[in-house]
Amino acid sequence: MFKNHLKIAWRTLRKRKVFTSINILGLTLGFGCAILIFLFVTHHLQYDNFHNNSDRIYRVVTEEHRDDVDYESSVPPGFAGSFETDYDYAEKVSKITIREHWQVNGTDHRSNQSFHEDIVFAQSDFFEILNFPLVEKLGDHTLEEPNTAYITESFSKKMFGNESALGKTFILENEETIQVIGILKELPKTTVIQGTIFPSFKTLKSYDNFLSSNSWGGISDALKCFVLLRPNQNIAEIENTLISLVSKHRPKSKNVHRYKLQALSDIHFNNKYGGINVSLLWIFGLIGFFIIAVACINFINISTAQAFTRSKEIGIRKVLGSFRQHLFWQFISETFIISFFAMILGLVFAILVLPAFNELFELDLSISSLLNVKVVGFVLMLLISVSIFAGSYPGIILARILPTLALKGKLTQKDTGGKLTRKVLVTSQFAISIIFIVATIIIRKQINYAVNADLGFDTESIVIVEIPEDIETVKLEGLQERINNLSGVKNNTACLTSPGASSNYWGTGVRYNNRPELEEFSISAKLADKDYLNTFNLKLVAGRNFYRTDSISEVVVNEKLAQKLGLANSQELIGKQVEFNGATIKASIVGVVADFHDKNFHETKNPIFIAPQSNAYNELAIKVYSQNAKTTLEGIERLWKEIFPKYIYEFDFMDERVAQQYQEEQRFLLMSKLFSGLAIFISCLGLYGLISFFVAQKTREIGIRKVLGGNVSDILLLVTQDFLKLILIAGAIASPLAWYFMNNWLQNYTYRIEINWGVFVLSIAGLLVITLVTISYQAIKAATANPIKSLRTE
């Protein structure tokens with residue numbers, strides 16, 4: 001029976017090529033977008049689900065309770081050892097330290113290459129907790145030995161070619177020679193820890209005394225602690241017990257720690273501790289639903305509108321013995337055929353745009369990703385759902401048409417689904433489009449505000465070059481002097497990090513003016529030489545800059561410190577003594593700079609101190625003249641290679657670095673543009689089909705109006721006024737919804753734009769223009785048609 005319905009449906013659709021093409025195109029785009037969104041969401045949902053005993057794997061994190069609560073995805077270096085020896089909650093405990101973009105050099109002519117790689121210093125138990133599989137191993141060597149490492153298959157091939165890497169060596173950061181004792185199978189992109197080289201944790205001592213120690217003095221985001229708990233542990237009980245570690249190891253600290261166990265499954269989705277914002281997945285899912293909904297609404301509108309042209313066909317079928325259920329399943333069959341072709345084309349569309357999709361969202365999805373069981377199941381479910389959802393209502397409406405009315409041509413709007421139903425559906429399409437347009441405008445304005453607003457420091461024409469951690473002060477100063485002598489350079493400064501960088505963030509306690517206790521808040525350190533203020537154009541509001549010195553005796557602070565201390569003005573800070581980092585830094589405040597955004601617009605401005613400490617510098621910031629910048633950069637590179645021939649030369653532009661902090665928002669913006677464009681395009685396809693039907697219905701009325709003296713503008717108004725009214729109604733519905741969603745989104749920013757009424761007016765006006773352009777051809781054609789022909793047609 002269903003096979004016969006498909007045959008009849010196929011013949012019917014071939015006769016209605018325009019109707020069929022419009023619906024296939026709309027549903028193709030809907031299917032394609034839904035498939036891509038499903039891939040994105042499932043890719044993130046499978047993060048870290050491949051580990052054995054994943055329900056017992058936890059990362060230990062810290063809540064820092066001061067004047068505010070800060071959430072850190074790390075613990076003090078001494079935590080792992082104490083947790084393992086003082087308690088019996090875990091089978092395995094391991095700490096790791098992550099170092100990104102470290103230089104690796106080969107040690108012989110066959111592997112005499114240099115690369116930048118992501119390094120993970122790890123204790124041996126780490127690989128038993130997360131069960132990263134070893135492909136090969138060198139004898140009975142373990143990561144308990146210093147200067148040994150596991151490497152991934154990809155790095156092995158890159159460094160050593162097709163030769164076995166076991167037993168071979170490489171040089172890490174031009175300092176330690178590391179022996180390869182194991183080859184790891186390539187890590188899935190869905191694991192929380194990514195790296196290509198895993199040196200033993202004992203090797204870290206050569207690079208960082210603090211992180212390799214058992215200190216409880218502070219926290220670095222580079223250090224993580226993972227545990228494999230014994231079965232059936234009570235997490236709340238463990239966290240309560242860990243409070244005793246605070247009183248034991250940090251009894252006098254104003255920064256009160258609360259150590260928490262974060263489930264492996266929560267790491268990727270908890271943005272408090274650096275994970276993605278899970279609401280993004282919900283947003284993607286809703287967008288996919290809306291795109292499919294818009295395509296289905298098109299189908300329903302056009303299908304029910306076709307009732308007038310198909311009325312005689314339906315009447316004849318009923319006279320010849322077709323029952324309602326037969327006609328219903330015929331229309332479902334038509335919908336299924338259209339949906340099936342749209343599904344195939346949607347898969348082709350997804351395959352074609354997959355490379356761009358991967359690049360946009362930094363994924364590694366392949367064509368094989370589209371053929372796994374989950375995607376196939378989703379596509380089949382979508383095919384059935386769309387066929388039923390889009391086909392049921394038209395099928396019910398068309399199947400109930402009375403044959404006597406159909407054959408006599410006396411059908412009314414009510415017989416074909418009703419004018420009100422069609423208006424509701426079209427209004428829904430318009431409302432969805434307006435929400436997308438509003439979202440796109442607001443996201444764009446917020447990003448432009450964040451990137452182009454006055455950050456309190458210069459970003460234009462500043463080049464950032466990473467410098468070696470073990471650089472000698474004399475060599476660095478020599479390089480700086482020679483760079484300043486280049487004609488295209490204004491100034492340069494060596495620093496821990498640039499003013500607005502979230503990386504290398506160093507927060508520390510502060511004691512002010514010999515007060516007996518530390519302050520409740522922490523202060524951010526911007527360690528740099530005396531040219532830091534001039535290079536980034538930080539504005540002094542009181543006092544002076546510090547003098548060039550080898551030790552910290554003078555510091556410059558920002559206005560926020562005075563505010564946090566409850567002082568009347570910044571001038572009161574000048575000459576006062578301060579202590580930082582557990583009194584290891586003692587200095588006098590000599591200057592105050594205006595507040596600047598030391599992180600991004602998501603976070604408030606922090607108290608900051610700027611002081612010289614040459615052994616902490618990671619970057620060289622060089623302000624260049626925009627004219628002949630290429631020549632200047634080439635000159636800087638020549639000097640670098642002359643002084644540091646063993647180090648890879650790379651640079652970033654400051655303004656690009658600031659923009660990268662809003663990478664997620666940039667992707668969100670592009671996503672909004674693409675999907676709002678698709679929603680509008682699909683809606684326009686439906687409008688084109690509907691206006692054709694509408695004009696055909698109004699043929700006699702248009703002819704009579706023209707005979708009675710109606711002009712073209714009157715006819716245009718007649719044809720378009722219903723749609724324009726629906727857009728205004730949609731605007732009234734969509735505007736408060738769009739305001740609610742986007743206002744909630746803006747709450748993620750401490751510094752944000754205000755949503756004004758102009759955004760909604762612009763969005764509605766834009767949709768009005770797009771709609772008029774879409775229906776103008778049919779409307780003008782109807783308005784300029786010969787009225788005699790129109791009346792004869794009727």
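Just so it is clear, the values below take in all heavy atoms, side chains as well, and ignore hydrogens, waters and symmetry mates.
- Between Glu64 and Glu72 the shortest heavy-atom distance is OE1-CG, 3.2 Å.
- Judged purely by distance below 3.5 Å, without hydrogens or angles, the side chains of Ser73 and Asp221 pair a donor atom with an acceptor atom.
- Taking Asp531 as the reference, Arg548 meet the salt bridge (Lys or Arg N to Asp or Glu O under 4.0 Å) condition, with sequence neighbours excluded.
- In summary, the side chains of Asn105 and Gln103 do present a donor paired with an acceptor at a separation below 3.5 Å, with no hydrogens or angles considered.
- Taking the six-membered ring wherever Trp is involved, the centroid distance between the rings of Phe457 and His597 does not fall below 6.0 Å.
- Within a 6.0 Å radius of NZ in Lys576, other residues, nucleotides and ligands contribute more than 12 heavy atoms.
- Scanning all heavy atoms of the two residues, the minimum distance from Leu496 to Ala616 falls at CD1-O, 3.2 Å.
- Two rings, from Phe201 and Phe121, have their centers 6.0 Å or more apart.
- Geometrically, Lys526 does not engage Phe609 in a cation-pi contact defined by less than 6.0 Å to the ring centre and at most 45° from the axis.
- Cation-pi check for Lys605 over Tyr751 is met; the charged atom lies under 6.0 angstrom from the ring centroid and within 45 degrees of its normal.
- Here the CD1 atom belonging to Ile622 is positioned 10.0 Å from the OG1 atom belonging to Thr632, to the nearest 0.5 angstrom.
- We find the OH-CG distance between Tyr512 and Leu573 to be 5.0 Å, quoted to the nearest 0.5 Å.
- By the 6.0 Å contact criterion, CZ on Arg444 is open, its count of non-hydrogen atoms from other residues, nucleotides or ligands being 12 or less.
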Take Ile178 and Ile171 through the side-chain contact (heavy atoms from CB on, under 4.5 Å) test and state the conclusion after the steps. CA-CA 6 Å; Ile178 311 297; Ile171 300 173; over 6 Å; no

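- Between Phe79 and Cys225 the shortest heavy-atom distance is CD2-SG, 4.1 Å.
- Between the side chains of Glu63 and His257, no donor-acceptor pair is found at a separation under 3.5 Å.
- Taking the six-membered ring for Trp and the full ring otherwise, Trp102 and Tyr207 have centroids separated by under 6.0 Å.
- Here side-chain hydrogen bond (donor to acceptor under 3.5 Å, both in side chains) pairs that include residues 475-486, with residues two or more places apart or in two chains, are Gln480-Asn492, Gln480-Asp529, Arg482-Glu642, Asn484-Asn492.
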Verify side-chain contact (heavy atoms from CB on, under 4.5 Å) between Ile462 and Phe653, making sure each step is shown before the conclusion. CA-CA 6 Å; Ile462 295 179; Phe653 285 106; over 6 Å; no

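- Closest of all the heavy-atom pairs between Gln613 and Ile585 is OE1-CD1, 4.1 Å.
- A 6.0 Å sphere centred on CD of Glu100 holds no more than 12 heavy atoms belonging to other residues, nucleotides or ligands.
- Put simply, the residue from Asp595, Asn606, Asp598 that forms a side-chain hydrogen bond (donor to acceptor under 3.5 Å, both in side chains) with Asn558 is Asp595.
- Pairs passing the salt bridge (Lys or Arg N to Asp or Glu O under 4.0 Å) check and including a residue from residues 190-218, sequence neighbours excluded, read Arg99-Asp208.
- A donor atom on one side chain and an acceptor atom on the other are found under 3.5 Å apart for Gln747 and Arg752.
- For the pair Ser461 and Tyr625, the minimum side-chain heavy-atom distance is 4.5 Å or more.
- Between Glu554 and Arg544, at least one side-chain nitrogen of the basic residue sits less than 4.0 Å from a carboxylate oxygen of the acidic one, meeting the salt-bridge criterion.
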Could you check Leu639 against Ile483 for side-chain contact (heavy atoms from CB on, under 4.5 Å), going step by step and ending with a plain yes or no? CA-CA 7 Å; Leu639 290 175; Ile483 286 176; 4.0 Å; yes

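- Here the shortest heavy-atom pairing between Leu187 and Gly195 reads CD1-O, 3.8 Å.
- With hydrogens and angles ignored, the 3.5 Å screen pairs no side-chain donor or acceptor of Glu117 with any backbone N or O of Ile197.
- Glu619 and Ile467 get closest at one heavy-atom pair: N-CG1, 3.6 Å.
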